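Step one of this worksheet: look at the structure below.
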Amino acid sequence: MSENTITETTNGHDEAHTPSSEDLHKLELQRRTNRDAVSDLGLRPYGSRTPGLMDLIEAHNAYDESSDKANKESVAARKAFKKDNPDASEDQQPALVDDRPIVKVAGRVVLARDNGKLVWLNLRDHSSEAFQIAVSKRDCDEQGFALAKVLDMGDIVIAEGPLTKTNTGEVTCWASSLRPGSKCLVPPPEKHAGLQDPETRARKRYIDMWANPETTRTLMLRSRIVSAIRRLLGERGFVEVETPMLQTQAGGAAARPFLTHLNALDIPLSLRIAPELYLKRLLVGGMPRVYEINRNFRNEGVDKRHNPEFTAIELYEAFGDVESVMDVTEAIVREASRVARAERGIEGTTLSYGDLEIDYEQPFLRVTYAELFEKALGFPMSDVGKARAEAQKRGYKTKNEKGVEFDDLWVVNELFEGFAEKLIDPARPTWVMKYPAALSPLTRPNEEDPSFADRSDLFIAGMEIGPHYTELNDPDVQEAKFREQLSGIDDEESTFRTFDEDFIEALKVGMPPAGGMGLGIDRLVMLMSGKETIREVIPFPFVRPKQS
RNA sequence: AGGGACGUAGCUCAAUGGUAGAGCAUCGGCCUUUUAAGCCGCUGGUUCAGGGUUCGAGUCCCUGCGUCCCUACCA
């Protein structure tokens, strides 16, 4: 008896814990009946520890042509002998040859074809969409065959047996035993169309994952990409750190934070919107190259490219600059694309995204903010009067409700985002370099022209993937920029924008010159997996809670 | 926040304002090389909720709830 066999005559279910039948859908009731049938066979419907399992793909690859042939020939020879010598005894027959590899596998039943005394099952696991098991009355043990007759789609089973090829050439585990892995009491989605409803897909990801194998593949690709990034950064001497998620002041970005409260000290706290100011403190302390891959929380809009919590990598390199961290990012994106191509079995050097074919092996294009602006608008961005007129002509606001004129560069940037960004070829990863200094409060101004900052943003497929900076490490300049930012903001904004004095204090201690960057992991995985919504690449994206 | 589309069986989807349907799944029967197995038979619905118009509403109107898309917002 295997460890999956029970000897006591209980079905293992306390009647008191069984929901009243009136509450349940008839399809679930039927499945509960089928679960009882499993118990009645003396088997545990919910399985138990099972050593020695192979992934389905491993089992498939373990097939051995010559041993299968030898076995089939010996079976045929015995059959022929028996036909010619009907009265011969067992031991006079030709020997049965069977060196076929035996595999032990587990998976969820996604298709089943019951031919009477032969039941075909297709199992699915993380490695394979469908691996065939044959459960025959002749060759499988009695309990296993009986189990095959009472299975429901979606059940998890464990099969063991030799590998053979069917008449149509499909590698199949010809089960000698079949045992329950787990019962699925919930009616599964349609077996071909899968689960389509986007709401259910997000809410019940555990169903989506097995009904739509692509979902699992995407989430596994995400994991492999993140691992590859860690490996690459480790090789380059970067150390991974963790900095506070709960912050007394949510700094390092301009976004509304989520607010919470620390009871022990009776003080308000924010969930972080970025780790930047803490990572820089680590540079002050003497860590040479640091990064963090972790969650940020922003209390802003939710749409196909924004989730309230999202994963970003932030990275800082002491004695580097914007160029050195751009190199790191190009290496990361290129490596991620290689992982994605390998994982998805894609030949060549491109990955598709919508209609685009994006080549990540070529060096990324480089343009400056000013060049792109002039190309799009037809006049240099230094001509702020013209910019203001142009903005008004194109219907942009140039002053606030109280009639106060917006800053020149704010107007320039509106035009840039409205027109210049559209000139970037979405199929070519592109660096936009040298942003206006006024837009980048944490960036060091360019040495030759301080009206520009040494900041570059990476654009791919029309998405802003992440900013890169030569970090500002002069505490006085930093303090002045903070104060400048805080002036001229309205009351609502001032409730969540605060002045981080300790950060200035840290800079006073002395931060080495440094390059820094931030990169959205979710958006990177969207590009690498070809998914056009952020929900596809997050295991459990935010969904509105169900009303009871 | 504004605009648009949608909500029908467990799932995927149909149904000029005129008897709510199909496929798959389920349930019963047959079948030892099937693979979207096949064959025979059965079952399955408060058409998101609540109002209204009408002889008659899944369909038209209103309100609410929910989802998706576009726009806006969002270093």
Side-chain angles (χ1 to χ4, degrees), chain A residues 24-31 33-34 72 109-123 129-140 145 148 152-154 164-172 174 184-204 207-208 211-212 251-256 273-274 276 296 298-308 310 312 314 396-397 410 413 417-418 435-436 438-443 453 455 457 464 466-469 481 485 493 497 517-518 520 532-533 535 543-548:
Chain A
L24 297 175
H25 192 275
K26 60 181 189 310
L27 291 175
E28 180 174 339
L29 282 174
Q30 183 56 48
R31 283 165 177 262
T33 303
N34 291 342
K72 279 176 178 153
V109 178
V110 290
L111 288 172
R113 297 171 294 283
D114 184 343
N115 287 21
K117 296 190 180 66
L118 176 62
V119 179
W120 302 94
L121 303 175
N122 284 92
L123 303 190
E129 281 190 30
F131 177 74
Q132 183 163 271
I133 311 288
V135 188
S136 82
K137 190 169 170 60
R138 187 203 311 129
D139 299 310
C140 190
F145 182 74
D152 287 307
M153 298 271 258
T164 184
K165 263 189 184 171
T166 62
N167 292 349
T168 53
E170 179 160 352
V171 173
T172 299
W174 205 270
C184 177
L185 292 175
V186 176
E190 211 274 339
K191 65 187 183 186
H192 313 120
L195 181 61
Q196 296 297 325
D197 177 35
E199 184 182 1
T200 312
R201 288 192 54 218
R203 280 188 196 281
K204 306 200 169 178
I207 298 177
D208 181 35
N212 298 320
R256 266 183 194 75
I273 55 175
E276 173 158 357
N296 292 332
R298 296 188 184 178
N299 206 340
E300 306 274 3
V302 182
D303 61 36
K304 63 193 292 192
R305 286 183 183 175
H306 297 86
N307 200 60
F310 64 98
E314 273 201 26
Y396 286 92
K397 279 193 214 162
W410 192 89
N413 198 48
E417 289 181 358
Y435 272 66
L439 301 172
S440 306
L442 296 165
T443 312
R455 164 182 168 185
D457 274 18
E464 204 176 333
H468 293 62
Y469 309 97
K481 281 182 175 282
Q485 263 218 314
E493 280 183 310
R497 283 199 199 174
M517 68 89 157
E532 303 202 27
T533 71
R535 297 206 309 182
V543 281
R544 184 189 296 269
K546 272 279 188 212
Q547 294 188 328
S548 50

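In what follows, every heavy atom counts, from backbone to side chain, and hydrogens, waters and symmetry copies are set aside. Because the structure is predicted, anything quoted here is derived from the model rather than measured. Convention: sequence-line order gives letters A, B, ...; per-chain numbering from 1.
Contacts of A:K165 classified as salt bridge (charged side-chain N to carboxylate O under 4.0 Å, His left out), with partners at least two apart in sequence or in another chain: A:E65. Among residues two or more places apart in sequence or in another chain, the salt bridge (charged side-chain N to carboxylate O under 4.0 Å, His left out) test is passed with A:D114 by A:K149. For A:K72, the salt bridge (charged side-chain N to carboxylate O under 4.0 Å, His left out) test picks out A:D68, with sequence neighbours left out. Residues satisfying the side-chain contact (heavy atoms from CB on, under 4.5 Å) criterion with A:E129, sequence neighbours excluded, are A:R124, A:P213, A:R217.
Across all strands, A:Q132 comes closer than 4.0 Å to base atoms (heavy-atom distances). Using a 4.0 Å heavy-atom criterion, one finds that A:Y469 contacts the bases of the nucleic acid, with or without backbone contacts as well. Note on A:G252: a base of the nucleic acid sits closer than 4.0 angstrom, heavy atoms only. Using a 4.0 Å heavy-atom criterion, one finds that A:E417 contacts no nucleic acid atom at all. Across all strands, A:P189 comes closer than 4.0 Å only to sugar-phosphate atoms, never to a base (heavy-atom distances).
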Can you tabulate the close N/O pairs, meaning under 3.5 Å, that link protein atoms to atoms of nucleotides 69-73 of chain B?
from  : atom 1 : to     : atom 2 : distance (Å)
B:C70 : OP1    : A:K304 : NZ     : 3.4

Would you list the protein and nucleotides 39-49 of chain B atom pairs, both N or O, that sit under 3.5 Å from each other?
from  : atom 1 : to    : atom 2 : distance (Å)
B:G44 : O2'    : A:K26 : NZ     : 2.8

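When the C1' atom is compared between B:U26 and B:G7, the two are found 24 Å apart, to the nearest whole Å. Rounded to whole Å, the P atom of B:G64 lies 24 Å from the corresponding atom of B:C70. Straight-line distance between the C1' atoms of B:A5 and B:G18: roughly 27 Å, to the nearest whole Å. Spacing of C1' atoms, B:C11 relative to B:A36, comes out at 15 Å, to the nearest Å.
Two residues, A:R544 and A:K165, neighbour RNA chain B, and the one matched to the more 5' nucleotide by heavy-atom proximity is A:K165.
Side chain of A:W174, nearest nucleotide from B:A75, B:U33, B:C27: B:U33. With B:G10, B:A37, B:A75 as the candidates, the nucleotide lying closest to the side chain of A:P187 is B:G10. Side-chain atoms of A:R455 lie closest to B:A75 of the nucleotides B:C27, B:A75, B:C31. The side chain of A:A254 sits closest to B:A75 out of B:A75, B:A37, B:C11.
Atom CG of A:D114 and atom P of B:A25 are 12 Å apart (whole Å).
With respect to A:R305 and A:D303, no salt bridge is recorded, no charged nitrogen being found less than 4.0 Å from a carboxylate O.
In this structure, B:G66 and B:C6 make a Watson-Crick or G-U wobble pair, each of the two defining distances being under 3.5 angstrom.
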